[in-house]
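See structure below.
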Amino acid sequence: MKKKIEKALENVFIIDNQKNIIESGFVKKIDLLSHKIVIYLSLSNPAMHFKNKLIKDITHSIKNQNISDPICIKIEMKSDPKIKPVIKNIIAVASGKGGVGKSTIATNIAVSLVKMGFHVGLLDADIYGPSIPLMFNLEEVDIHTKIHKNGMMNPIMSYGVKILSIGFFSKYGQAIVWRGPMVTKVLRQFIHETDWGKLDFLIVDLPPGTGDIHLSLLQEISLKGIVIVSTSQKIALSDVNRSVGMFRIQSISVPILGIIENMSYVLTKESKEKCYFFGKNGVKNFSKKMNLFFLGEIPMLQEIRKYSDLGIPGVLKNDKIKNIFLKITRNIINQL
Ligand code: ADP
């Protein structure tokens, strides 16, 4: 019976892995109890949909061996030796729509964390618009000579943040037209085959919306949580609603640390009155409705845009910007 079960398990593979689950060392023990088979697995991937698929495949494969005893699969989480000891907290920044300030916020949060004394990395996974190189003034760097070292990728340091961007691999103005599996492969390298050194935080700038890349990232890495960015207009909120839905579906379920309202208002010069360009408190009200923690609001400030364009994170140049982002960053840490 045990031989038959082992044979069945040899037919179970994990996506993108050439080895079966026995060869990969995921199967720790098989117990044959009276009328019950208990299989113990040790995995480093915490995503629920990944576990569910594995359970389904194993059950199916055993049943194919004409074994009808009930099967119980117990999964223990193995810490991933490649990342856990060096990266303490991986946090992804997400948005429903593009252009709401996700990368600007990821940038300024990363630099705020450095200011607080943490070791920080920033992984730009936004294949549709990798803007991190621009925001960190890294466009001119000859990336290809710098990035590979001893077969490992080497992040590039700017303003105290270790940076790796999908944009390093495309020329300025060139679209990145990779299919899902290629993107997944590159992201895997970014995470597992990169010499990040010791990091307290790795901030991941996700592409906007919901899709393939989100799913593969959630499979690849164990995120501590998601920070969502939105503006207040109805169109942005309807998209962000879908993102929240995706992160909350049972098979993914990553904790959402909270939501940030960007471009909340503009201060008119003459009257010093707040003009709620995208609508007042849209994100704040949405957060209440969806039971999301409200991490803070960021006004629309010309300086934020200006420094972004110059490739300097605003928090380093302007006290007002600095205070806004330090407050939000502290809120994120508290939520962790
Ligand atoms: P996303 O990553 O969501 O596509 P970006 O971070 O690239 O958005 O921001 C889009 C543009 O908006 C950039 O030019 C950026 O400088 C600007 N921006 C973002 N947040 C603010 C803000 N609070 N005030 C002024 N400009 C902002």
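When a ligand or atom number is given, it counts from 1 through the structure's own listing order.
A cation-pi contact links Lys29 to Tyr40, judged by a cut-off of 6.0 Å to the six-membered ring centre and 45° from its axis.
Ser103 and Ser131 are linked by a side-chain donor-acceptor pair at a separation below 3.5 angstrom, with hydrogens and angles left out of the test.
Heavy atoms of Pro299 come nearer than 4.0 angstrom to ligand 1 in at least one pair. Using a 4.0 Å heavy-atom cutoff, Gly99 is listed among the residues neighbouring ligand 1. Ligand 1 lies out of reach of Lys306, whose nearest heavy atom is not under 4.0 Å from it.
By the criterion of a heavy-atom distance under 4.0 Å, the side chain of Asn262, and not its backbone, is placed next to ligand 1. Of the heavy atoms in Leu301, only backbone atoms (N, CA, C, O) come closer than 4.0 Å to ligand 1. Under 4.0 angstrom from ligand 1, the non-hydrogen atoms of Ser308 all belong to its side chain.
Between Phe136 and Tyr159, the ring planes lie tilted relative to each other; the angle falls in the 30° to 60° range.
None of Leu237, Leu295, Val229, Thr231 except one satisfies the side chain to side chain contact (heavy atoms under 4.5 Å, CB included) rule with Val283; the exception is Leu237.
The heavy atom nearest to atom 7 (O) of ligand 1, considering only Met135, Arg305, Glu297, is found in Met135.
Side-chain atoms of Met300 and Tyr265, non-hydrogen and from C-beta on, never get closer than 4.5 Å to each other.
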